[in-house]
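Data block below; observations after.
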Amino acid sequence: MTESMIPFAIFFASIFTGNILLTNYLGMCSFLSVSKELKTSLGLGAAVIFVMATTTPLNWLVYQYLLLPFGLEYLRFIVFIIVIAAFVQLTEMTIERYSEPLYQSLGIFLPLITVNCAILGVSLFMVIREYTFFTSFLFGLGSGIGWFIAIIAMAGIRQKMKNANVPPALDGPAITLVIAGFMAMAFMGFSGMIALS
Amino acid sequence: MAKNTLRKTFMEPLGKNNPVFVQILGICSTLAVTNKLQNTLVMTLGVMFTTALSSFTLSLIRNHIPSRIRMMVETMIIATFVIIVDIVLKAFYPEMWKQLGPYVGLIITNCIIMGRVEAFALQNKPMLSLVDGLASGLGYAYVLLAIAFVRELLGTGSLWGYRILGSWWTNWSIMIMPPGGFFVLAILIWIIRETIMKEAKHD
């Protein structure tokens with residue numbers, strides 16, 4: 001792979017081959033509870049894309065220019081969480097102030113996101129894999145899109161599942177996990193194309 | 001009486017109030033490392049340590065926290081203990097630390113810890129909170145260890161790195177790949193709901 005292709009590979013891999021939900025199980029809690037409905041899934045998914053694409057480069061800046069020079073890498077967990085929480089809070093207030101319809105469709109999901117492990121997970125992966133500012137943005141964006149695709153697909157399948165005859169004990173989270181397993185198998189089909197190291 | 005509450009607090013999360021089966025909470029950060037028994041044990045020990053001690057700490061200062069900022073305080077306390085786990089692992093078990101990668105840090109966002117702190121430690125005495133945190137961690141640990149047991153055995157034919165099944169065994173490599181985790185957890189929830197939950201309903 002040539003040097004110039006690497007950002008594209010990271011972007012593509014974070015959507016498909018290294019899907020944050022289906023290969024790393026991150027963001028499962030909200031995935032299982034929200035994917036009952038297509039409309040809420042759309043809202044939450046869009047909010048996740050936005051927050052991941054913005055907080056990952058933000059955390060990159062904080063890590064490179066604040067934590068590394070002072071030898072404070074061990075504080076990254078706390079600092080990343082604070083950055084994410086503060087940023088989400090600010091965005092929520094801004095949206096609420098300026099755009100009512102956007103707040104109704106996207107803003108109400110923002111507080112939920114602070115506790116979504118996928119957001120912190122992406123930032124931690126970014127540190128471990130030593131991305132640059134640009135690639136960490138692409139990685140955040142791609143991971144968000146990957147999560148969005150997964151939850152939309154799941155919501156669509158679960159709406160059809162309402163007519164299916166599922167054993168009572170398997171109903172709810174268990175059957176969702178089975179579907180997620182099949183989705184993960186389907187996504188494994190991409191893994192021959194590009195590997196994320 | 002006091003002993004009874006203590007006992008009840010300890011037993012509930014292990015049985016019919018198990019955080020994983022009943023609430024399906026907190027699987028995010030740990031499910032990813034269940035393809036090896038060893039990694040799972042280390043991760044769940046970390047979770048138990050964090051759950052127990054953050055519940056205890058929060059319960060100690062519960063009357064002094066303004067309720068508006070309690071989420072922030074809770075996160076800080078949890079993160080502190082996770083950092084301790086991370087540093088200890090990095091210092092004494094660097095190989096393990098490398099394998100676990102970002103998942104140690106993700107203990108912070110484990111919903112079980114936050115859930116126990118919010119739902120229990122805020123209202124109860126320190127010792128009781130410590131027991132509750134420890135029991136929730138244990139209830140969580142044995143489920144995850146069960147998953148890891150099945151995945152490692154079927155996926156590689158070995159346990160704890162030692163070959164258990166003979167050479168006749170064909171590895172189910174899907175088990176140690178991501179889909180395996182989903183399937184095993186789903187089947188486990190199914191079995192538990194079919195057996196334990198039904199008994200609990202009859203009581």
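The chains referred to below are lettered A, B, ... by the order of the sequence lines, with proteins before strands, and numbering in each begins at 1. Given the structure is predicted, the values throughout are model-derived calculations rather than measurements.
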*Which atom names give the shortest non-hydrogen contact between Val178(A) and Ala186(B), and what distance separates them?*
CG2-CB, 3.5 Å

*Ile179(A), part contacting chain B, at a heavy-atom distance under 4.5 Å*: neither

*Considering only heavy atoms, which portion of Met188(A) lies under 4.5 Å from any heavy atom of chain B: side chain, backbone, both, or neither?*
side chain

*Is the shortest heavy-atom distance from the side chain of Trp190(B) to the side chain of Pro167(A) under 4.5 Å?*
yes

*asked:* Just verifying a value: how many Å separate Met72(B) CE and Ile81(A) CD1, rounded to the nearest 0.5 Å?
replied: 8.0 Å

*Got a second to check how far Met185(A)'s CE is from Ile174(B)'s CD1, nearest 0.5 Å?*
4.0 Å

*Is it the backbone or the side chain of Leu120(A) that comes under 4.5 Å from a heavy atom of chain B, or both, or neither?*
both

*Find the one option among Val82(B), Leu31(B), Asp86(B), Ile191(B) whose heavy-atom pairs under 4.5 Å with chain A are most numerous.*
Leu31(B)

*Would you please go through residues 66-80 of chain A and name the residues with a non-hydrogen atom below 4.5 Å from one of chain B, in numerical order?*
Tyr74(A), Leu75(A), Arg76(A), Phe77(A), Ile78(A)

*Give me the one residue out of Ile108(B), Thr109(B), Ile107(B), Asn110(B) that meets side-chain contact (heavy atoms from CB on, under 4.5 Å) with Cys117(A).*
Thr109(B)

*Please flag which part of Met177(B) lies under 4.5 Å from any non-hydrogen atom of chain A: side chain, backbone, both or neither.*
both

*Could you tell me the separation between the CG atom of Leu177(A) and the CD1 atom of Ile189(B), rounded to the nearest 0.5 Å?*
5.0 Å

_Interchain contact, Leu106(B) with chain A, by part (heavy-atom threshold 4.5 Å)_ = both

*Answer whether the closest heavy-atom distance between the side chains of Pro102(B) and Arg129(A) falls below 4.5 Å.*
no

*What about Phe182(A) and Phe183(B), are their ring centers closer than 6.0 Å?*
yes

_Test log, rule side-chain contact (heavy atoms from CB on, under 4.5 Å), inputs Ile82(A) and Met76(B)_ = CA-CA 9 Å; Ile82(A) 295 174; Met76(B) 290 295 131; 3.5 Å; yes

*asked:* I'd like to verify something: which residue of Leu170(A), Leu26(A), Asn24(A) has the highest number of heavy-atom pairs under 4.5 Å with chain B?
replied: Leu170(A)

*Counting only heavy atoms not in Phe149(B), do more than 12 fall under 6.0 Å of its CZ?*
no

*asked:* Please classify the contact of Ile87(B) with chain A as side chain, backbone, both or neither, using a heavy-atom distance under 4.5 Å.
replied: side chain

_I'd like to check the side-chain hydrogen bond (donor to acceptor under 3.5 Å, both in side chains) partners of Ser123(A); sequence neighbours left out, ordered by chain and number._
Asn59(A)

*Residues which pass side-chain hydrogen bond (donor to acceptor under 3.5 Å, both in side chains) with Asn19(A), listed by chain and number, not counting sequence neighbours*: none

*For Thr44(B), enumerate each residue passing the side-chain hydrogen bond (donor to acceptor under 3.5 Å, both in side chains) test, keeping only those at least two apart in sequence or located in another chain.*
none

*Tyr25(A) side chain reached by Leu185(B) side chain, heavy atoms, under 4.5 Å*: no

